[in-house]
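Report on the following structure.
Atoms within a ligand are numbered from 1 in the order they appear, just like the ligands themselves. Small disclaimer: the values here were computed from a predicted structure and weren't measured.
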Amino acid sequence: MPEVKDHEVVIVGGGAAGLTAGMYAIRYGLDLALLTLGAPGGQTATATTIENFPGFPEGISGAELIMRLTQQAENFGVVFESAEVRRITREGQRWRLHCDEGDYLATAVILAAGASPQRLKVPGERDLFGKGVSYCATCDGFFYRGETVAVIGGGNTAIEEALYLADIAEKVYVIHRRDELRADDILAERAFATAKIRIVWDTIPAEIHGSDAVTALVLHNKKTQEDFELAVTGVFVAIGYNPNTGFVSDLVELKDGFIVTDQRMRTSQPGLFAAGDVRDTPLRQVTTAVGDAAIAADSAYRYVAQRR
Ligand code: NAP
């Protein structure tokens with residue numbers, strides 16, 4: 001039987017929210033473990049350039065910001081442990097986090113597990129993942145120098161990815177299911193002004209073709225009902241994110257899969273707090289995630305201090 005580790009606070013997730021919560025919690029003198037799946041970073045680490053994080057007038061790459069945040073958390077003494085939480089159950093006045101790597105007991109838990117890219121769920125997507133299908137332009141864009149690629153989606157992520165890819169690829173198609181972008185105007189204007197980007201309106205992907213590598217994208221125009229093919233070697237899917245809340249879905253109140261909290265980041269269960277993209281919030285940004293995290297750590301501190 002693996003040992004059960006016992007802490008005052010366990011933070012689930014090592015993205016911007018988890019790292020910030022860890023930093024604050026340590027400064028409050030809490031004994032904690034921060035659980036991550038692999039290296040810290042979350043979605044922030046995959047962002048090309050973050051232009052709206054205060055203090056970086058030239059912008060900062062997601063990877064650089066996460067590197068600095070991780071360093072800052074480590075400087076305070078945050079220790080990362082690799083574990084995947086399968087479910088959380090009540091044990092007396094405490095919480096048990098069930099992990100394959102061994103369970104954790106905690107007085108308070110900060111849920112900061114973030115969100116994962118949504119899948120298109122079309123034929124070819126799964127088989128060609130890593131062979132032309134990608135969910136991260138900054139991670140994989142490099143391989144498409146001089147090639148023709150497609151980005152699926154019309155939100156901020158899709159447009160940022162298209163702009164990033166336009167500096168590398170020969171041509172970038174943006175495939176959007178409506179006739180108006182969801183992305184902020186400032187990004188949309190940049191895309192419209194970029195000659196290499198062509199937006200294909202009212203269109204959804206039907207299939208991705210290729211055996212060993214992507215060769216084409218089959219599209220369906222919703223207005224004309226026409227099906228047609230685009231020859232591309234890369235398909236970047238950017239259609240939003242699903243919250244990583246499966247392990248608490250029967251425990252805390254959710255709204256559309258996201259964890260409902262009050263303004264002190266308290267969930268519907270005592271001692272369980274949430275921060276960042278897992279939370280039901282009107283704005284999902286790095287700035288809001290780190291703000292949530294500071295409040296969640298403060299609330300966890302008050303909760304633990306009353307029970308010491
Ligand atoms: P998003 O805002 O939810 O946009 C998803 C896009 O994908 C939408 O255009 C949507 O179309 C489309 N879509 C969804 N499901 C689809 C499907 N099955 N097939 C085809 N298209 C589909 O997601 P996001 O762009 O990843 O952004 C997530 C959050 O992060 C947002 O709050 C965003 O503002 C924020 N963010 C901010 C920045 C920034 O400020 N610089 C950068 C990146 C992300 P519809 O428009 O028709 O719904």
Query raised in the report: Quick one: does ligand 1 sit under 4.0 Å from the side chain of E51, the backbone, both or neither, non-hydrogen atoms only?
Result: neither
Requested in this report: May I ask you to identify, for N52, whether its side chain, its backbone, both or neither come under 4.0 Å of ligand 1 on a heavy-atom basis?
Outcome: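 Only the side chain of N52 comes within reach of ligand 1.
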Please confirm whether [X] comes within less than 3.5 Å of ligand 1 when only nitrogen or oxygen atoms on both sides are compared.
{"X": "P205", "result": "no"}
{"X": "G154", "result": "yes"}
{"X": "R178", "result": "yes"}
{"X": "E160", "result": "yes"}

Query raised in the report: For the side-chain hydrogen bond (donor to acceptor under 3.5 Å, both in side chains) test, which of Q306, R94, R307, E8 pairs with T107?
Result: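 Among Q306, R94, R307, E8, the one that satisfies the side-chain hydrogen bond (donor to acceptor under 3.5 Å, both in side chains) with T107 is R94.
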Report summary line: Taken in chain and number order and not counting sequence neighbours, the residues that satisfy side-chain contact (heavy atoms from CB on, under 4.5 Å) with D202 are D179, N221, K223
For [atom], the option (of [options]) bearing the nearest heavy atom:
{"atom": "atom 4 (O) of ligand 1", "options": "Q118, R182, K121", "value": "R182"}
{"atom": "atom 33 (C) of ligand 1", "options": "T281, N156, L181", "value": "N156"}
{"atom": "atom 15 (N) of ligand 1", "options": "H176, E161, R177, R119", "value": "R177"}

Which residue holds the protein heavy atom closest to [atom], what is that atom called, and what is the gap in Å?
{"atom": "atom 30 (O) of ligand 1", "result": "R284 O, 3.4 Å"}
{"atom": "atom 26 (O) of ligand 1", "result": "T157 OG1, 2.7 Å"}
{"atom": "atom 14 (C) of ligand 1", "result": "I239 O, 3.4 Å"}
{"atom": "atom 3 (O) of ligand 1", "result": "G240 CA, 4.2 Å"}
{"atom": "atom 37 (C) of ligand 1", "result": "Q285 NE2, 3.0 Å"}

For the residue pair [Y] / [X], report whether a side-chain donor-acceptor contact shorter than 3.5 Å exists.
{"X": "Q225", "Y": "H220", "result": "yes"}
{"X": "R266", "Y": "T261", "result": "no"}
{"X": "Y135", "Y": "Q118", "result": "no"}
{"X": "S116", "Y": "N242", "result": "no"}

**Report entry** side chain to side chain contact (heavy atoms under 4.5 Å, CB included) partner of T267, chosen from V278, V252, L251
**Finding:**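 Looking at V278, V252, L251, the match for T267 under the side chain to side chain contact (heavy atoms under 4.5 Å, CB included) is V252.
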Query - N-O pairing of E125 and K121 below 4.0 Å - result: no
Query raised in the report: Are R87 and D250 within salt-bridge range, i.e. N to O under 4.0 Å?
Result: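 No, R87 and D250 are not salt-bridged.
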Query raised in the report: Could you give all pairs that pass the ring pair (Phe, Tyr, Trp, His ring centres under 6.0 Å) test and reach residues 4-55, with sequence neighbours left out?
Result: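 For residues 4-55: Y28-Y301.
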Query raised in the report: With a cut-off of 4.0 Å, which atoms of ligand 1 are near a heavy atom of G153?
Result: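 Contacts of ligand 1 toward G153, numbered from 1: 7 (O).
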Query - Ligand-side contact atoms (ligand 1) for residue partner Y241, heavy atom cut-off under 4.0 Å - result: 26 (O)
